[in-house]
Amino acid sequence: MILFAQVVLPVPLRKSFVYRVPEEYQKKVRKGIRVLVPFRKNLLTGFITELFSEAPLKNIKFKKIRELLDEEPVFSLSFLSFTKRLSDYYYSSWGEILHASLPPSFAVKTRTVIYICKKGKAYLNQDSCSDSEREILKFLTRKHYTELYLRRKFKKSSFSSIISNMEEKGLISIKKEIRRSPKREWNNTQKAPTQIEIDDSLDSDLRKKADEIKSKRGEDAFSCFLISSSKKKREAVYFDLIRETTASGLKTLFLFPEIELSDRILKEFKKKLGENAAVLHSRMSEKQKELTWERIRRGEAEVVAGPRSVLLTPFEKLGLIILDQEHEDSYYQKESPAYDARIGARLRAEEEKAVLIYGSEYPSVELLYRSRNKGSLIDLDKVQKTQFKRDIIDSRKQTGVISRAMKTGIMKRVEQKEPVTLFFNRHGYASSLVCSQCDFTPKCQNCEVLLTYYKKEEKLICRYCHYSTDLFMKCPECGSRMVPGGGFGIEVLEEELKRNFPDSCIRSLHKLAVKKKNQEEEIIKDYRAGKIDILLGTQMMAHQSKLPLSYFVGVFYPESILRLSDFRAGYKTFRYIKETMKFVKDAPNSEFMVQTYLPHTYPIQNAVYDDSVSFYEHELRNRRLMGYPPFSYLAELLFTGKDLRSVARKSRKLLDVVKDKKDQIEILGPSFAPVKKLRGKNRVQVIIKSKERSSLDEILEKIFKDIKTRKSVFVYE
DNA sequence: AGCACGCCGACT
DNA sequence: GTCGGCGTGCTC
């Protein structure tokens with residue numbers, strides 16, 4: 001006899017709660033169904049994760065489950081254990097993860113309704129009735145109203161206390177009610193026939209690799225591979241594996257980075273997999289998402305594809321997870337519930353006993369190292385001999401923004417009417433504005449970081465929260481002239497190019513210039529059509545799949561990435577250069593040029609001269625030396641709060657809490673997070689490095705127990 | 001997270 | 001003397 005159920009709730013707590021199961025539900029309760037439960041004074045949509053025949057806890061007055069919301073579980077047992085492990089890994093709330101796994105309409109919405117009581121009506125005529133009480137009571141004699149409505153009607157700051165006081169006196173009653181949305185009827189669309197296009201693009205070499213994966217993977221067991229190769233080859237193997245998975249009656253989960261949200265993916269899936277692919281992404285409407293979600297739930301989609309959030313879409317018979325462009329930062333979800341989709345994919349594949357494929361042309365150092373050690377690295381690329389010339393220009397020996405060599409290079413192409421592609425990854429005109437007299441520098445009111453100076457748009461913009469103000473050239477403190485400060489940005493380079501090549505058509509492609517969605521495509525189209533002589537862009541331009549190849553590609557100051565305070569800065573620089581290099585037409589008279597103040601650093605050298613083997617070796621040596629992943633687990637603890645002093649105190653307390661564990665870990669900080677302040681909350685971070693995950697967990701557990709304040713953890717491994 | 005309880009400063 | 005600050009604890 002099932003009498004009690006463990007329920008997890010969508011609240012930021014690492015706890016579950018036990019409820020009594022009412023008699024009428026005792027035959028219907030199952031793990032994985034949604035329930036409506038009273039919690040404090042609220043009604044919440046929770047999820048049953050465990051069932052008991054006797055009370056699992058003592059001395060607790062259990063509340064009753066109010067209502068069962070499903071006949072059939074919305075979460076399978078394996079999905080439940082996957083999400084549980086994910087929440088354990090990131091010290092986040094299981095309930096919040098489950099909540100995020102459902103479309104918004106699956107959470108029952110409640111409202112607070114206020115009724116007048118008999119006693120309240122009588123109270124109206126008494127002298128002890130205050131003006132504000134009388135006002136509200138009078139209003140309620142007509143009919144009941146929701147709390148929200150009343151709060152807006154009577155714009156009183158003390159509204160809450162007046163109301164709760166009146167409830168205590170028995171004048172009114174406050175009830176939580178379910179806001180029933182009309183039950184949506186799902187039109188039972190006919191399942192599209194499986195019409196997977198046969199594609200013979202796998203040559204014998206790829207065939208061998210795909211077969212290698214198939215033979216190494218255990219029957220009905222978790223296995224994981226990293227495919228390191230160019231997009232085309234990778235995708236050929238992906239589709240081969242998807243076809244095989246589908247043929248054996250299993251489903252595929254396909255994850256791709258946010259920036260790839262181009263309709264290309266959709267078209268590709270439609271073309272190769274017929275109507276059996278379901279793509280979910282953030283640009284879809286609520287309704288569209290819900291319909292797609294329901295299709296997936298009914299098992300009609302053979303392939304479920306989308307960005308990181310799609311990892312949390314519940315469905316059964318999962319046989320294959322593909323995570324493409326494994327290195328991309330958009331797989332990090334840093335907002336609550338925080339998780340890394342790469343690690344999430346692994347946990348899910350483990351629970352589902354599925355095959356997991358990571359893919360990238362230049363995989364992350366961490367994953368490459370681990371895969372190589374485990375023998376699960378599938379390297380598809382033969383060393384390709386490229387023919388174009390390449391050069392690293394030492395800026396220290398040059399004057400001006402554009403070096404002589406770069407100028408000559410561009411000039412030659414411009415004269416021959418050949419388009420030139422240039423990259424410079426720093427936005428705006430200057431990274432800040434500064435007063436020429438008193439050193440005043442305008443900061444973002446939300447994040448407290450320096451505002452970037454945009455000359456063309458005449459604005460100051462925050463690079464984190466996009467807060468923007470109109471430009472002012474007089475210091476508000478002392479009235480002196482404001483001048484550009486910090487490093488110069490892409491607009492300076494554009495001005496410089498225009499001065500040097502006054503007769504050329506020069507366009508620049510960066511975030512601000514492409515506010516309007518199709519403007520980016522417009523520019524690329526014009527460039528393809530030969531209407532633009534020199535195209536200048538930030539890193540985002542390197543992600544433009546339609547950008548044509550060019551005989552001359554130049555990269556300015558890649559050290560803007562190298563100087564980031566990130567243990568992956570070297571790798572990111574290497575990748576950035578590799579990305580830009582892809583746009584060089586492979587011909588003997590093509591040229592690739594990098595201009596930098598750090599010409600001898602290995603990420604730049606190795607990228608330019610095609611020595612990825614040396615790059616990975618060098619990078620791994622450094623990571624080992626400094627104790628960074630993959631040689632350690634790195635936890636990023638973020639403390640947040642309104643009051644900076646208390647946040648700082650709490651974060652310093654951490655040092656005290658872990659002082660007897662100093663031999664197992666290394667601590668950096670506390671220090672301000674890269675974004676000092678966000679939405680009015682101060683942010684202080686502490687980095688903990690540990691060789692063993694177990695000792696890291698021990699320490700984090702202790703920190704969570706001893707330090708009571710808002711905080712979140714992100715773990716890199 | 002919210003909300004209640006609880007102990008120390010500036011006010012009628 | 002009280003109103004109210006947010007530190008601490010709890011939610012089945």
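Side chains are part of it too, since the values below use all heavy atoms of this structure and drop only hydrogens, waters and symmetry mates. Sequence lines set the chain letters: A, B, ... in the order given, protein chains first and strands last, and positions in each chain run from 1.
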>> Using the side-chain heavy atoms of A/Lys650, tell me which of these nucleotides is nearest: B/dA1, C/dT8, C/dC12.
In response: C/dT8
Show me the protein contacts with nucleotides 3-6 of chain B, counting only N or O atoms at under 3.5 Å.
{"from": "B/dC3", "atom 1": "O2", "to": "A/Arg40", "atom 2": "NH1", "distance (Å)": "3.2"}

> Does the A/Ser81 side chain pair with the main chain of A/Leu77, one donor and one acceptor, at a distance under 3.5 Å?
Replying inline: yes
>> Please check: side-chain N/O of A/Thr640 versus main-chain N/O of A/Asn682, any donor-acceptor pairing under 3.5 Å?
In response: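 A pair under 3.5 Å: no.
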Rounded to whole angstrom units, what separation is found between the [atom1] atom of [X] and the [atom2] atom of [N]?
X: A/Lys15; N: B/dA1; atom1: NZ; atom2: C1'; result: 14 Å
X: A/Glu96; N: B/dG2; atom1: CD; atom2: C1'; result: 13 Å
X: A/Arg14; N: C/dC10; atom1: CZ; atom2: P; result: 17 Å
X: A/Asp706; N: C/dT8; atom1: CG; atom2: C1'; result: 14 Å
X: A/Asn682; N: C/dC6; atom1: CG; atom2: C1'; result: 16 Å
X: A/Leu43; N: C/dC12; atom1: CG; atom2: P; result: 12 Å
X: A/Ile65; N: C/dC12; atom1: CD1; atom2: P; result: 13 Å
X: A/Leu57; N: C/dT11; atom1: CG; atom2: P; result: 11 Å

Looking for any heavy atom pair under 4.0 Å, which part of the strands does [X] touch: base, sugar-phosphate only, or nothing?
X: A/Val18; result: base
X: A/Leu13; result: base
X: A/Phe39; result: base

> Can you tell which of A/Tyr339, A/Phe714, A/Tyr90 makes a ring pair (Phe, Tyr, Trp, His ring centres under 6.0 Å) with A/Tyr332?
Replying inline: A/Phe714
> Would A/Tyr19 and A/Phe17 satisfy ring pair (Phe, Tyr, Trp, His ring centres under 6.0 Å), going step by step from the backbone distance to the final call?
Replying inline: CA-CA 7 Å; A/Tyr19 286 84; A/Phe17 297 87; 7.2 Å; no
> Considering only heavy atoms from C-beta outward, does the side chain of A/Glu54 approach that of A/Met1 to under 4.5 Å?
Replying inline: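 Sidechains of A/Met1 and A/Glu54: no contact.
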> Less than 4.5 Å apart, any side-chain heavy atom of A/Ile97 and any of A/Ser87?
Replying inline: yes
>> Can you tell me how far apart CG (A/Leu696) and CG (A/Leu634) are? Round to the nearest 0.5 Å.
In response: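 Answer rounded to 0.5 Å: 9.0 Å.
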